[in-house]
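Let me begin by presenting the structure, written as structure tokens, before commenting on it.
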Amino acid sequence: MTTSPPSSSSGEQQTSSGFHQLHPGVQKWIWQQKWPALRDIQERAILPILAGDRDVLISAATAGGKTEAAFLPIFSRLMEEPGMGIGTLCISPLKALINDQFRRLSEIGEQLEIKVTPWHGDIDAGRKRRLLKQPSGVLLITPESLEALFVRHGSEIAGFFQGLNYLVVDELHAFIGSERGKQLQSLMHRVEQVIRRRVPRIGLSATLGDMELAAEFLRTGKAVQVEQIESEDEGQEIQIQVKGYRKTVPVLDRALNLNKALNLNQDETEDLGDSQDEMDITAHLFRVLRGETNLIFINSRSAVEAYTDRLCRLSDQQRVPNEFFPHHGSLSKEIREEAEQALKSDKPTNVICTTTLEMGIDVGSVKSIAQVGPPFSVSSTRQRLGRSGRKAGDPAIIRFYISEPDVTSTTLIQDALHPALVQTIAIVNLMVFERWCEPPIVTKLHLSTLIQQVLSLIAQYGGVNALQLYQVLCQTGAFQQITQEMFIQFLRQLGAKDLIQQTHDGLLILGLKGERLVNHYSFYTAFQTPEEYRIVTQGKTLGTLPIDFPLIEGLFLIFAGRRWMVLSVDAEHKVVDVARASAGRVPKFGGGGGAIHDRIRQEMYQIYRSEKVPVFLDRTAVDLLQEGRENFYRFGLDNRYLLQDGKKTLLFCWMGSQVINTIYLLLRTQGLQVELNGIAIVVHDTTPERLMKKLEAIVDMEPVDAISLAEVVEDKAIGKHDLFLNEELLGWNYAASHLAPSKAWETLQVLVKQ
DNA sequence: GACCTGCTGCGGAATG
């Protein structure tokens, strides 16, 4: 799906209008590549980028060809107008992408004698110093390293970028809605602000969701002027299967039991947690995927470890070479590269991974995708699906493995609806038939990132006055939702926390705490990272575990797909030494939850009410769906939202995380004991009648404002620097990110009218 | 019932 059909003859380039506008050197390079023709987006990007007077958004389903689409005209322009300093600044979300791009761009760069420089944490300081002395050509950099440039080389920045022709953002979609995205927008603006002119921005994005939002991200307030170049949909064939499994009580693995009897090892009891469904899924993955190259996506890092361990043991037992490798964010670079190398080799390779392989390295040709457990969003499912069938003509194949409990008298009502299966069907429906995708939430205030940007701007200049700060960051910058009043309160708060101080002539400088923050290298990231232990064996780092996972000498551990025993724990240096062992237990990695969109829950409701049986379900999945529907009607959920369950009342509102979260808080402000549990809100010690009275009372009131609702939330400090905010600022910040009061109020209104 | 991303300058020791 990345390639346009190589139908045209080599003569076609002569008829291409764009090709002839390119610099002869660039044309020569293209000839040398022996491409049959320029791809559609490459052809269409030439004139608007060469013009150099507008922002351009290039989107295509996968990475292929987008980089060249942007850089052929960019190199062309750099040949004609070399200018002073850096000619093009390209910002990328991953170090691996920068390395990859450097490899591709340095080739043409060498031929044209345009310097291309990669710049991130793994690049040696000497190379960076040399570029600072003699800036030129193309700079490939992460947002964090660009932040560091502003902080450490504030006075040189203007000269460094004075001749900038273009600013490119790679994988733009990966930034939208996040703290890093807000940081990037602020940095883009600060680059223009320091050289006192507008620089054309080129965004490279996957075709996920709303392209208007991507344009708005690229140039806030001027999205209509962004020229959009979208590749035609190649209409690749998609094959989908959803396999259902019944979760039963854990059984003893016979082979393991035998091992245990032989070894007489007490700690092997930890192995007995494998339930029947997990063993069945493992067996199917082993049977169907072995011998080919596939990606197996699993929802959590600990489940990745558990499945890798099971699949490796199965390979052992069957005396076949191991083709299964783990890949997730807590594994060391070396361990991850092992899996990545195997993927790029021509040997059959199956990588069991979390979201780490959704983006980034080119995984080459992957036959199929497995998704174990329900997906949580359409956008991530689409990204995963796009990783398979990359060769022209190959279909994209995805298999979902979904476990649901056997329904007994003790099964929770919400579990008897088999929501994991129905959520999976909902996501497939929205992805394939509705062609819908979650838009990112762009209304967040990002006050934590604003703290970072205030401190960074002060460090850049040594001192700034409050009005300048407001103009650069809020009025014309990335934080346009911050009012002047809010900003004044915000600065006072930073002063109170000793992050900033005011000199007698009104200049804002760093306070003691601010200095300390800015002078540590951890300052450059906008996002929060937990403290971790390093897991080491024979001097080699395997990866990291969160500090709150209890590690003691003699503990058995499954990590990086292998089994270990803890030899020693160095609490001071946070290093844990391990050695190979035959027993093991999967660790807990921690980590918070994400959000589910309203549309997914509404689609689930429609699926329960429908009689349609999707063709992509297997026998067990069909049975489970029928069972879920029967229970849905048995509980009468087709015409009511409240359900008595003993002393509890369940509220089903069929909406996403923000709305559920808001209703949960609304009920708590009414003095009720409430709990969130899957798709239901559980209210203790009440009846549907009594709860309905409360709901009516809530609806009769004016829609409650988000700020006063946020007051009920105990722990609102989520972002990296949130701990410096006062209660009021925290409330605004939390409400904008996590609450949807008017939507919740509308939802309750519908519900009460029933 | 979850996920991922990223990071500088310096001082001191070892090496050519």
Side-chain angles (χ1 to χ4, degrees), chain A residues 91-99 119-129 132 141-154 170-171 173-184 187 247 297-306 327-331 333 336 353-361 371-377 379-381 383-384 402-405 412 414-415 419-420 423-424 449 452 456 459 517-530 532 544 546 588-596 600 657 660 675-680 720:
Chain A
I91 307 172
S92 242
L94 299 175
K95 291 189 284 193
L97 282 175
I98 289 176
N99 296 343
W119 184 308
H120 56 67
D122 298 343
I123 302 294
D124 84 284
R127 195 171 195 174
K128 295 175 182 170
R129 263 197 308 273
L132 274 168
I141 198 167
T142 59
E144 287 75 14
S145 284
L146 183 56
E147 189 77 71
L149 266 174
F150 273 105
V151 172
R152 303 280 163 196
H153 303 277
D170 194 24
E171 303 277 4
H173 61 277
F175 287 110
I176 306 177
S178 72
E179 286 152 323
R180 265 186 120 191
K182 196 42 82 177
Q183 178 187 24
L184 168 62
L187 289 170
K247 233 183 270 181
F297 285 100
I298 302 198
N299 287 339
S300 73
R301 284 167 287 183
S302 46
V304 165
E305 292 291 350
H327 196 285
H328 60 71
S330 293
L331 295 176
K333 201 176 153 191
R336 292 195 310 181
C353 57
T354 55
T355 55
T356 39
L357 290 182
E358 255 172 39
M359 199 177 69
I361 67 142
Q371 162 75 41
V372 181
F376 293 95
S377 75
S379 66
S380 129
T381 309
Q383 287 271 89
R384 292 176 183 193
I402 309 296
S403 297
E404 286 289 2
L412 290 175
Q414 55 272 39
D415 289 344
Q423 182 172 308
T424 305
T449 308
Q452 181 206 37
S456 173
L517 268 185
V518 170
N519 286 327
H520 194 263
Y521 62 83
S522 58
F523 175 72
Y524 312 124
T525 51
F527 54 87
Q528 175 92 287
T529 40
E532 292 174 317
T544 57
K588 278 199 173 67
F589 289 89
I596 286 226
I600 294 175
S657 314
I660 286 206
E675 179 196 338
L676 289 177
N677 192 322
I679 55 173
K720 184 176 181 181

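If you're wondering where the values come from, they're calculated on a predicted model, not measured in any experiment. Just so we're on the same page: letters track the sequence lines, and every chain starts at 1.
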- Using the closest heavy atom to pick a nucleotide of DNA chain B for each, name whichever of A/Tyr524 or A/Ser330 lands nearer the 5' end. A/Ser330
- Respond yes when some side-chain nitrogen or oxygen of A/Thr354 is under 4.0 Å from OP1 or OP2 of B/dC4, and no when none is. yes
- Measure from the side chain of A/Ile596, starting at C-beta and using heavy atoms only, and say which of B/dG1, B/dT5, B/dC7 lies closest. B/dG1
- Query: Which part of the nucleic acid does A/Gly678 contact within heavy-atom distance under 4.0 Å: base, sugar-phosphate only, or nothing?
  - Reply: base
- Just compare B/dG6, B/dT8, B/dC4 and give me whichever is closest to any side-chain atom of A/Lys128. B/dT8
- Message: For a quick check of understanding: with a heavy-atom distance under 4.0 Å over all strands, which category does A/Arg180 fall into, base, sugar-phosphate or nothing?
- Response: base
- Query: Given side chains that start at C-beta, do those of A/Glu179 and A/Gln452 come closer than 4.5 Å, heavy atoms only?
  - Reply: no
- Nucleotide nearest A/Ala148 when distance is taken to its side chain, options B/dT8, B/dC4, B/dT5: B/dT8
- Would you say B/dC3 has OP1 or OP2 under 4.0 Å from some side-chain N or O of A/His327? no
- Query: Would you say A/Gln183's side chain and A/Tyr524's backbone share a donor-acceptor pair under 3.5 angstrom?
  - Reply: yes
- Task: Would you please confirm or rule out a distance under 4.0 Å between OP1 or OP2 of B/dG6 and any side-chain N or O of A/Ser522?
- Result: no
- Query: Using a cut-off of less than 4.0 Å, is there contact between a side-chain N or O of A/Ser178 and OP1 or OP2 of B/dT5?
  - Reply: no
- Only one of A/Asn299, A/Thr424, A/Ile402, A/Ile298 clears side-chain contact (heavy atoms from CB on, under 4.5 Å) with A/Gln371; which? A/Asn299
- Task: Using only side-chain N and O atoms of A/Thr525, determine if any of them is under 4.0 Å from OP1 or OP2 of B/dC7.
- Result: no
- A/Lys588 atom NZ is separated from B/dA2 atom P, nearest whole Å, by 9 Å
- Selected nucleotide, minimal atom distance to A/Arg336 side chain, candidates B/dG9, B/dA2, B/dT5: B/dT5
- Query: Using a cut-off of less than 4.0 Å, is there contact between a side-chain N or O of A/Arg301 and OP1 or OP2 of B/dC3?
  - Reply: yes
- Item | Distance-only polar pair, side chains of A/His120 and A/Thr142, donor-acceptor under 3.5 Å | no
- Message: I want to verify a distance call: between B/dC3, B/dG9, B/dG6, whose nearest atom is closest to the A/His153 side chain?
- Response: B/dG9
